[in-house]
Amino acid sequence: MLGAPDPVLSTPAERVDPTAPEVVAAAADLLATLRAEPARTGLAAPQIGLSWRLIAFDAGRHPRSRSWAGELVVVNPRLTEASRWHCGRESCTSVEGLMADVRRASRITLDGRLPGTGKPVTIEADAFEARCIQHQLDHLDGVLFLDRVSGALSLHRRLHSCDA
């Protein structure tokens, strides 16, 4: 797992072919890494050293989750709708020990492709799942949650690992 300030985390990721064998293998790696730590709800390919537009998420185990698309990997994801903006606490495995108040949409629509088949997928998410997905999308754009902090008063020490 890469940590800030690794340059891969601050570089926009490249679009990939969802049917390419190496992309399918990376999708499996993302899911295995996500499953290995039950408190983790999302992971982006740049966090494992791949500058590809690929995210995995499973927000169903989180207590603040309302919607649940399932355990999913999306290739070349793109946010198509975002509404109902709110501030909420986030943390990241790439930034140890810190949390921050970040403003995000609490309702989103995401379009992308499934690895292996390339089949189109559309996900409507709200609440925590929407926040988790947007956090992962930021990783694909080379943005860390700290880049979205409005000021020092928005930062907090991370006391436990059950955060976005």
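Because the structure is a prediction, the values reported are computed rather than measured.
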Which pair of heavy atoms, one from [X] and one from [Y], lies closest together, and at what distance?
| X | Y | answer |
| --- | --- | --- |
| Ala105 | Ser83 | CB-O, 3.4 Å |
| Leu30 | Ala56 | CB-CB, 3.9 Å |
| Pro12 | Ser51 | O-OG, 3.6 Å |

If you look only at distance, which donor and acceptor atoms sit under 3.5 Å apart when one is on a side chain in residues 116-123 and the other is two or more places apart or in another chain?
{"unit_1": "Thr117", "atom_1": "OG1", "unit_2": "Lys119", "atom_2": "N", "d": "3.1"}
{"unit_1": "Thr122", "atom_1": "OG1", "unit_2": "Asp111", "atom_2": "OD1", "d": "2.8"}

For residues [X] and [Y], determine if any side-chain heavy atom of one lies less than 4.5 Å from a side-chain heavy atom of the other.
| X | Y | result |
| --- | --- | --- |
| Glu81 | Ile108 | no |
| Pro46 | Thr11 | no |
| Leu50 | Asp29 | no |
| Leu144 | His139 | yes |

Mind checking the [atom1]-[atom2] spacing from [X] to [Y]? Nearest 0.5 Å is all I need.
| X | Y | atom1 | atom2 | result |
| --- | --- | --- | --- | --- |
| Glu124 | Glu129 | CD | CD | 11.0 Å |
| Arg103 | Glu90 | CZ | CD | 13.0 Å |
| Leu110 | Leu72 | CG | CG | 8.5 Å |
| Ile55 | Asn76 | CD1 | CG | 10.5 Å |

Under 3.5 Å: donor-acceptor pair, side chain of [X], backbone of [Y]:
| X | Y | result |
| --- | --- | --- |
| Arg104 | Ile133 | no |
| Thr109 | Thr80 | no |
| Gln136 | Leu43 | yes |

Single-linkage hydrophobic cluster [X]~[Y], side-chain heavy atoms < 4.5 angstrom:
| X | Y | answer |
| --- | --- | --- |
| Leu54 | Val24 | no |
| Leu31 | Trp52 | yes |
| Val143 | Phe57 | no |

Please list all pairs meeting salt bridge (charged side-chain N to carboxylate O under 4.0 Å, His left out) that have one or both residues in residues 46-56, counting only residues at least two apart or in different chains.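 Qualifying pairs: Arg53-Asp141.
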Tell me every residue that passes side-chain contact (heavy atoms from CB on, under 4.5 Å) with Pro115, counting only those two or more places apart in sequence or in another chain.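 In terms of side-chain contact (heavy atoms from CB on, under 4.5 Å), with neighbours along the sequence ignored, Pro115 is linked to Ala27, Val73, Val75.
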Side chain to side chain contact (heavy atoms under 4.5 Å, CB included) between Arg40 and Thr33: does it pass, once the steps are laid out? CA-CA 9 Å; Arg40 182 180 293 145; Thr33 305; 3.4 Å; yes
Check the pair Arg131, Val102 against side chain to side chain contact (heavy atoms under 4.5 Å, CB included), reporting the backbone distance first and the verdict last. CA-CA 9 Å; Arg131 178 170 295 280; Val102 179; 4.0 Å; yes
